[in-house]
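Structure record follows, encoded as structure tokens.
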Amino acid sequence: MIRRLLEVLGPEHARPVRRMLVALVTGAVLQGIAFALLVPVLEALFGSDPDEVWPWLWTLVAVAVLYCAVYYWSLLAGFEAGAGLARSLRQRIGDRVAELPLGWFAPERVGQLGQLTTKSVMDIMGVPAHLLRPLVTSFVTPATVTVLMYLFDWRLALAATLTVPVIVLVYRWSTALSRQADRERTAARAVTGGRVVEFAQLQPVLRVFGRGEARSGARLGEALRTQREASRRVLVTGVPGLIGFSLVIQAAFTAVLLTGTYLALHGGLDAAKLLALLVLAVRFTEPIAETAILGSTLGTARSALAQVADLLAQPTLPAPVSPRVPEGNRVEFEDVTFGYDDGRPVLSGVSLTLAEGTMTALVGPSGSGKTTVSKLVPRFWDVDGGAVRVGGVDVREIDPEVLMSRVSAVFQDVYLFEGTIADNIRVGRPTATDAEVREAARLARVEEIVHRLPDGWDARVGEGGALLSGGERQRVSIARAILKNAPIVLLDEATASLDPENEQAVQDALSALTAGRTLLVIAHRLRTVAAADQILFLDEGRIVERGTHDELVTADGRYASFWARRSRARDWSLAGQNS
Ligand SMILES: Nc1ncnc2c1ncn2[C@@H]1O[C@H](COP(=O)(O)OP(=O)(O)OP(=O)(O)O)[C@@H](O)[C@H]1O
């Protein structure tokens, strides 16, 4: 387990763990010596001259004091190692999560991740902090006692030694019994975590559509049932092992007891020594018996570690070995094919060019792949075929940080962190001054939100920006993009959920954000579409028409009928002005 932990975390953690192990082993050996010293102490007490007990007693006291000091040291070392490992595990998980392709983040993964970084990390941390001590003590103390027994009576010591392989074998058998069930329980817990998050997030839907129709409640119920079943299986499979192990310990003790009695009757072992050795035999079996209870906790920690290792082994998007720097900000797709995990192609043979400083509007039916096209530019996923280039360089050959520094995105699913509005805007450019943050806020009309909130700039937005409306969150997201000031802007018609009064102002702010930039807009407004330098009409993952508004209207194809249909729709408030 420790070896596996170090494999996962890297050799730099070996030192504190080794220090802790040394402390634990030293403590366990001292404990064994203290137990063994009981033999001469008891022998002297029951012998002809009780005064002989004093030197042994003082030695016992000295060893006991030393043991206490080492115990204290090992406690500290255990907590230190445990806390260090937990910190590193969380760090590694965090680093890995930041590198994973966005396709990995399916809804249930959020809950699993929560479970991994809290419960699983705590389970693993418990190994050095709480589990290793009893485990080491269980094996090292009896081993020390057995070795020292040879000093007093080799025949009894041999009897104790012969029981060791049997005890070890049965211990292994008992832990192996529930290992699979343990793994299943840990996996079931992770799934339940995901379902709980999903259930909470879907509360508005559940309320509107009624509990009976929403699948999520049923999904959570099912996950809880699976978890209960898995926990039951852990018990059912673990109990025979526990009982078997206890029986073997008792049998080992009985074997030593019988050997001792036989030796006392026929082998010249005196009664005082026998008594002392039997006390020792009790101390020999006691710590081992305790390990049986630890088996299940250790199994849980092992499964938790397997899950963390699994996450850390998830493939990330490969980083370029010798990154190239893009020249300019032209964006090109060359014969791109792409599909998500289910293997269904979402984009097929998509080729397009966003000339530097121009605006391209992506239009097409829902599900035609518009968002997917925009998310391939900052390399949220890697293409299956063809290439996406920025500044003439394949995005796979650009340092991810360089690529991200060139792209600003305002998507519809805006996520705000728990913090102030200023904190959230600053995400766009962490080094920005307060004045720059406020200027971006002013341009995106975020200032108005700030003035409305009771704590002004210090007001917190709640997790996910829950305390702001959808439109307000989007304005914060625009402010972020304005602050970032990147040359390539991806826009999912960000004004879609803004209230009418602010719409014009935000539109102007967006013009300031987008002026002179390479702009890709997933356009829903006719005015945006008509103003584009180029319009790409996407259908079922293919570009079926391309050109300017006038060219496409004249061509009288898919775009022209799309335009006519939308123009007629009353919801399109600006339709009359543009058609
Ligand atoms: N993360 C994902 N995992 C699996 N499939 C996805 C994922 N995101 C999108 N899809 C699928 O890919 C296809 C294209 O989706 P995309 O969001 O790119 O379309 P869109 O044109 O932007 O749609 P809309 O206008 O409704 O937003 C859809 O069939 C969608 O179900």
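Indexing begins at 1, ligand by ligand and atom by atom, following the structure's order. Everything numeric in this text was worked out from a predicted model, so none of it was measured. Below, each value reflects all heavy atoms present in this structure, side chains not excepted, and no hydrogens, waters or symmetry copies.
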> Atoms of ligand 1 less than 4.0 Å from Gly369 heavy atoms?
Replying inline: 14 (C), 16 (P), 18 (O), 19 (O), 20 (P), 21 (O)
> Which ligand 1 atoms does Thr371 reach within 4.0 Å, using its non-hydrogen atoms?
Replying inline: 17 (O), 18 (O), 20 (P), 22 (O), 27 (O)
>> Does any N or O of ligand 1 fall below 3.5 Å from an N or O anywhere on Thr372, backbone included?
In response: yes
>> Tell me which pairs pass side chain to side chain donor-acceptor pair (under 3.5 Å) where either residue lies in residues 82-93, with sequence neighbours left out.
In response: His13-Ser88
>> Assess the residue pair Leu116 and Gln307 against the criterion (side-chain contact (heavy atoms from CB on, under 4.5 Å)); give the C-alpha distance rounded to whole Å, side-chain angles, the decisive distance to 0.1 Å, and a yes or no.
In response: CA-CA 8 Å; Leu116 270 187; Gln307 283 215 324; 3.8 Å; yes
>> Looking at Arg96 and Leu312, would you say the former's side chain and the latter's main chain have a donor-acceptor pair under 3.5 Å?
In response: yes
> Evaluating non-hydrogen atoms only, which member of Gly541, Gly339, Ser366 is closest to atom 26 (O) of ligand 1?
Replying inline: Ser366
>> Going by ring-ring contact (aromatic ring centres under 6.0 Å, His included), name the residues that satisfy it together with Phe537, two or more places apart in sequence or in a different chain.
In response: Phe562
>> I'd like to know whether ligand 1 has Arg344 as a neighbour, heavy-atom separation below 4.0 Å.
In response: yes
> What part of Val346, side chain, backbone, both or neither, has a heavy atom within less than 4.0 angstrom of ligand 1?
Replying inline: side chain
> With distance as the sole criterion, is a donor-acceptor pair present between the side chains of Asp423 and Thr420 under 3.5 Å?
Replying inline: yes
